[in-house]
Structures are given as structure tokens and as C-alpha cells.
Novice: 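Before we start, here is the structure in question, set down as C-alpha cells.
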Amino acid sequence: MSNGAEVVTPRLDEAADNRRRIKAIVASSSGNLVEWFDFYCYAFFALYFAPVFFPEGDDTSQLLKSAAVFAVGFFMRPIGGWLFGRLADRLGRKTSMMISVLMMCAGSLMIAVLPTYASVGHLAPALLLLARMIQGLSVGGEYGTSATYMSEIAIKGRRGFFASFQYVTLIGGQLLASLVLIILQSFLTAQQLTAWGWRIPFVLGAVAAVVALYLRSSLTETATKADMQSKESGTFSALFKHWRAFCVVLAYTAGGSLSFYTFTTYMPKYLFNTAHIDKVTASQISTAALLVYMIIQPFFGWLSDRIGRKANMLLYSGLGTLMVVPLMTAIGGTTNPFLSFALIMIGLTVISFYTGISGIVKAELFPTQVRALGVGLSYAVANSLFGGTAEMVALWLKQIGSESTFFWYVTVMLGIAFVGSLIMPNPKRHGYLDGDGTVEEALGAKARVVHA
């Protein structure tokens, strides 16, 4: 009996531990889903509220102004990445994630009740900008902290698979925003959506944030007291010791963010504005693509556990560099919704080599004391400079008659990401989660080889 008990108990403990980890990942990722739902509601419903806040000019001009506000929200991300990264490294991941989702709730609720340009003039777009800045600050802190938490709570040997659920929920938030748009388009006229219907998703987002806050309150902290109390935790001086890793993450995040936003948030506008597909059909195509894209993320996370993160990154950046120009040209030249969907999915499948492991491949390059800061700040800087400006740059280049230049811009950034992926050390051998923690030494050795 005692021998049997000795065999059974560890198995029961292991099963209970796995359930606890899965529950923690669900709870942490629920907040991630809400954060991104609120953030993407702006991108998708801009088709309707752009004339309400920016009544002057044609469709392209109105969308360009709304995209500029979208981009400003991204410029708040580095501040959020620093602020919440420092909070997470010094006060704990759980505290940081709860504050970020509360802040997103406030920003979403503010947009829901904003007065229009017709009511208060230029004050309306100014208030919209303020709300987006609050949301940008929140999302800037959310990514790094949730990526850190999910990488630390995941099971060794399956970290890629479990970490992939960060982008499942990120895309899920985007997908829910798109689905809400389609549902409202089915029940409301374009005039009703422009007049007041665009406010509904922001109210839903604020309510959902309260639910996420409750779920996150049950999370178990992954950072130890010793790490949080360390004088170097969450400081720039400690992060500077890992400047090579920071630069590598910047390189491949720039290409990843730019290509991701090109094939997701910008795509409905590209289909409408360039391929001349009507708004409803463009939304339906993008929503269907997002659904499939979300479903395939765990496969690419699982794949990275088998072939290694570095292989994933090389495939994403290498194939991505080759695909953008022909794919975007083909998408802009067809009005067939099925062909448009297929072409978009080719792009999203390639990008999945990166997005399926986006959080874990950064977390593995930084030690515990500066992990949330390193992941959050590097991602936020690259994301704000390249991801957040994707729509604005694309629409501006279209407006001046040089739309194809945008395709080459994305291509160049993916080429830089390819170089970053080549330089990146193998996390299985040198990473801080499963390797020997010699990331900087490995990067230094590669730099000496390149210099020679």
C-alpha cells in the first residue's frame, strides 16, 4: 500500500500542478484578451467614428487622422512598458497586471461617453487622443508583464505551446472586436453606427475589464521576494547589462509588429480603400482570417518546442522578407473575397512563426530581475515606432500616390528582423528559463565573429 501511495501521490501532485498552471494562464490571458479587445475596437470602428471626430476631408483623409490618433496611443507604450515593467519586477507580476487592466477599463469607458466634434468642436478629437493615450499606457504595460508571467508559469518543455496563448488572446481580442462590428453591422444601419452605434463596443470592453480584474485577483505570484527586493530589479542600470539582447529583441519585434499590423488592423482599410471591396465584406474577410489565425497559434508554439525558437524566428523573418511585395500587390488587385482571404492567410501563416512564440522568445533572453522591464520596454519601443505607425504610413503613402513603397518598407524591416534572428542565441542552450543563462556571452561571441 505504501509503495502504491508513493507512486500515486506524485502523479496526483503533478496533475494538480498542471491544472493550477493552466488556470493561471487562463486567468492572466483573460485580461490580455480584454485589453486588446478594447484597443482594437478603435481600429475597427474607425470606419464609422472617423467622420464624427474628423468631419473634414474625404474617406482617406478622415481615416488618416484617426490612424494618427491610433499611432499616438502606441507612442505611450514605451512609457507603459517602462512603468509597468518596473512595477512587475519590483512589486510583482500580479499587481502590475491588475493595474493595467483597470487603466484600460477607464480609457474604454471614456471613449464610450465622449462628445462629438459637432457638440464641442476641436475638444472632441483632443479628448479622444487623451483616452487613447491612457489605453496605450495600459497596453504598453500589459504585454511585457503578461508575457513574463505566462513564460514563468508554463511547464518546461511546453513553454512555447503555453506561451502561444498570449497571442491567442491578443488575436481573440481583435477577433471579438471584429465580430462585434459584424454583429452591429447586421442590426444597425451605417447611419446609426456613425451616429451612436460605435459607442457600444467600448461599453462592453469596460464591463469585461471588471470580469478580468476579478479573475486576475486569484493569480499566484511568480516572482520571488528576493528578486523583487533586489536593488537592481526593474532598473535601467541592470537592464543595460543586457543591451545586446535588448537590441536583438528590438530588431525582430520591429519587423514582427509592422507585418502583424499590416495583415490585421490595416487590412480592412486596405481592402476597402485599395481593392474597393465594400466595408461589410472587408470586415467579414478580415474576421474570418483572424479566426483561423487565432486557432493556429498553439501549433506554432508547439512547433517551437520541437524545432527551437531560433528556427521559428528564421522561418518567420526569412519567408516574410520574400512574401510581402507579391502578396500585398495581389491582395490590392483582386475583388474576389475568397482569393483575398486565401492571400491574407498566407501572410498570417508566415507571421505565426513569430506571433506563436512572441512572448516566450523575448522572456528567455532576460533574467528574472529585469525580465518584465526588458520584454515590455523592448516590445513597446519597437511596436510604437513600427506597429503603431503602420496604418498611418500606409495611408499617407497612398495619399501621395506611392502606395507600393509601403510594401518595400515592410520588406526591409523584415530583412532587419532576419538579421536579428540570425544573431539571436539558441534559448535552449543560453536562455534564462531553460538554458544556462549565458545570453550576453553568446551574443558577444557572435558579435566578435561578425566583426572579424
Novice: Side-chain contact, heavy-atom cut-off 4.5 Å: Gln369 with Asp89?
Specialist: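 Gln369 does not reach Asp89 side chain to side chain.
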
Novice: Around atom CZ of Phe299, are there more than 12 heavy atoms from other residues, nucleotides or ligands closer than 6.0 Å?
Specialist: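 Yes, enclosed.
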
Novice: Can you give me the closest heavy-atom contact between Ala372 and Arg93, atom names plus distance?
Specialist: CB-NH1, 4.1 Å

Novice: Taking the side chain as every heavy atom from C-beta outward, state whether Phe407 and Thr329 have any pair of such atoms under 4.5 Å apart.
Specialist: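 Yes, at least one pair of side-chain atoms sits under 4.5 Å.
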
Novice: Kindly indicate, with the supporting measurements, whether the criterion side-chain contact (heavy atoms from CB on, under 4.5 Å) is fulfilled by Thr145 and Ser100.
Specialist: CA-CA 9 Å; Thr145 309; Ser100 70; over 6 Å; no

Novice: Strictly distance-based, threshold 3.5 Å: is any side-chain N or O of Thr169 a donor or acceptor partner for the main-chain N or O of Gln166?
Specialist: yes

Novice: Which atoms form the tightest heavy-atom contact between Ser340 and Ile285, and what is the distance?
Specialist: CB-CD1, 4.2 Å

Novice: Determine, step by step, whether Phe37 and Leu175 satisfy the side-chain contact (heavy atoms from CB on, under 4.5 Å) criterion, reporting the C-alpha distance in whole Å, the side-chain angles of both residues, the deciding distance to 0.1 Å, and the verdict.
Specialist: CA-CA 8 Å; Phe37 170 79; Leu175 178 62; over 6 Å; no

Novice: Any donor and acceptor pair, going by atom type alone, linking the side chain of Ser378 with main-chain N or O of Phe246 inside 3.5 Å?
Specialist: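 Checked: no pair found.
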
Novice: Looking at Arg371 and Glu152, does any basic side-chain N land under 4.0 Å from a carboxylate oxygen?
Specialist: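 Here Arg371 pairs with Glu152 in a salt bridge, since their nearest N and O are under 4.0 Å apart.
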
Novice: Mind listing the closest non-hydrogen atom pair of Ser286 and Pro268 along with its distance?
Specialist: OG-CG, 3.3 Å

Novice: Indicate yes or no for a side-chain donor-acceptor contact from Arg309 to the backbone of Val361 under 3.5 Å, with no hydrogens or angles considered.
Specialist: no

Novice: Please give me the minimum heavy-atom distance between Gln297 and Ser352, naming the atom from each residue.
Specialist: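 Looks like NE2-OG, 2.9 Å.
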
Novice: So, does Ser304 use its side chain to make a donor-acceptor pair with the main chain of Gly301 at under 3.5 Å?
Specialist: yes

Novice: Start with the C-alpha gap between Phe353 and Phe300, add the side-chain angles, then the distance that decides, and say whether ring pair (Phe, Tyr, Trp, His ring centres under 6.0 Å) holds.
Specialist: CA-CA 6 Å; Phe353 281 104; Phe300 287 92; 4.8 Å; yes

Novice: Should Glu403 and Leu397 count as side-chain neighbours, where that means a heavy-atom distance under 4.5 Å?
Specialist: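 No - every pair of side-chain heavy atoms lies 4.5 Å or more apart.
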
Novice: Looking at side-chain heavy atoms only, is the closest gap between Gln284 and Phe341 below 4.5 Å?
Specialist: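 With C-beta onward as the side chain, the pair stays apart.
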
Novice: Can you find a heavy atom in the side chain of Phe162 that is under 4.5 Å from one in the side chain of Ile360?
Specialist: no

Novice: Just to verify, what does Arg159 make a salt bridge (Lys or Arg N to Asp or Glu O under 4.0 Å) with, not counting sequence neighbours?
Specialist: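 Residues passing salt bridge (Lys or Arg N to Asp or Glu O under 4.0 Å) with Arg159: Asp434.
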
Novice: For Ile277, does its backbone N or O pair with a side-chain atom of Thr281 as donor and acceptor, under 3.5 Å?
Specialist: no

Novice: Residues in ring pair (Phe, Tyr, Trp, His ring centres under 6.0 Å) with Phe260, at least two apart?
Specialist: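 With sequence neighbours excluded, Phe260 shows a ring pair (Phe, Tyr, Trp, His ring centres under 6.0 Å) to Tyr167, given in chain and number order.
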
Novice: For the residue pair Leu137 and Phe84, what are the closest heavy atoms and their distance?
Specialist: O-CE1, 3.7 Å

Novice: Any donor-acceptor pair under 3.5 Å linking the side-chain atoms of Tyr293 with those of Thr349?
Specialist: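 Tyr293 and Thr349 do not have a side-chain donor-acceptor pair below 3.5 Å.
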
Novice: Of the options Ile344, Ile331, Thr334, which is the one that meets Leu339 in a side-chain contact (heavy atoms from CB on, under 4.5 Å)?
Specialist: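 For Leu339, the side-chain contact (heavy atoms from CB on, under 4.5 Å) test succeeds with only one of Ile344, Ile331, Thr334, which is Thr334.
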
Novice: Rounded to the nearest 0.5 Å, what separation is found between the OH atom of Tyr270 and the CG atom of Leu395?
Specialist: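 If we round to the nearest 0.5 Å, Tyr270:OH and Leu395:CG are 11.5 Å apart.
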
Novice: Carefully, step by step, assess Thr95 and Leu87 under the rule side-chain contact (heavy atoms from CB on, under 4.5 Å).
Specialist: CA-CA 8 Å; Thr95 300; Leu87 280 174; 5.8 Å; no

Novice: Counting distance only, does the side-chain N/O of Thr235 pair as donor-acceptor with the main-chain N or O of Ala238 below 3.5 Å?
Specialist: yes

Novice: Measure from the side-chain N and O atoms of Thr389 to the backbone N and O of Leu385, and report whether any donor-acceptor pair falls under 3.5 Å.
Specialist: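 Flag set: sc Thr389 to bb Leu385 pair under 3.5 Å.
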
Novice: Output yes when a side-chain donor or acceptor of Thr274 lies under 3.5 Å from a complementary backbone atom of Leu271, and no otherwise.
Specialist: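 Flag not set: sc Thr274 to bb Leu271 has no pair under 3.5 Å.
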
Novice: Who are the ring pair (Phe, Tyr, Trp, His ring centres under 6.0 Å) partners of Tyr379, not counting sequence neighbours?
Specialist: Tyr143

Novice: Could you tell me whether a side-chain N or O of Lys362 sits under 3.5 Å from a main-chain N or O of Val249, the two making a donor and an acceptor?
Specialist: no

Novice: Does the plane of the ring in Trp198 sit parallel, tilted or perpendicular to the ring in Phe202? Use 30° and 60° as the thresholds.
Specialist: perpendicular

Novice: Could you check if a side-chain atom of Ile295 sits within less than 4.5 angstrom of a side-chain atom of Val168, using non-hydrogen atoms only?
Specialist: no

Novice: Looking at Arg216 and Glu142, does any basic side-chain N land under 4.0 Å from a carboxylate oxygen?
Specialist: yes

Novice: Flag the pair Ile416 / Tyr252 as yes when at least one side-chain heavy-atom distance between them is below 4.5 Å, and no otherwise.
Specialist: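 Side-chain contact under 4.5 Å: no.
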
Novice: Leu365 and Ala245: which non-hydrogen atoms are nearest, and at how many Å?
Specialist: O-CB, 3.8 Å

Novice: Side-chain contact test, heavy atoms from C-beta onward, threshold under 4.5 Å: evaluate it for Leu184 versus Phe45 and give yes or no.
Specialist: yes

Novice: Is it the case that the side chain of Arg77 and the backbone of Gly136 share a donor-acceptor pair, with hydrogens and angles ignored and the cut-off at 3.5 Å?
Specialist: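 Pair absent, no side-chain N/O of Arg77 close to backbone of Gly136.
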
Novice: Just say parallel, tilted or perpendicular for the rings of Phe53 and Phe49, cut-offs at 30° and 60°.
Specialist: perpendicular

Novice: Do Phe161 and Leu303 pass the side-chain contact (heavy atoms from CB on, under 4.5 Å) test, and can you show the C-alpha distance, the side-chain angles, and the key distance before you say yes or no?
Specialist: CA-CA 8 Å; Phe161 174 75; Leu303 184 66; over 6 Å; no

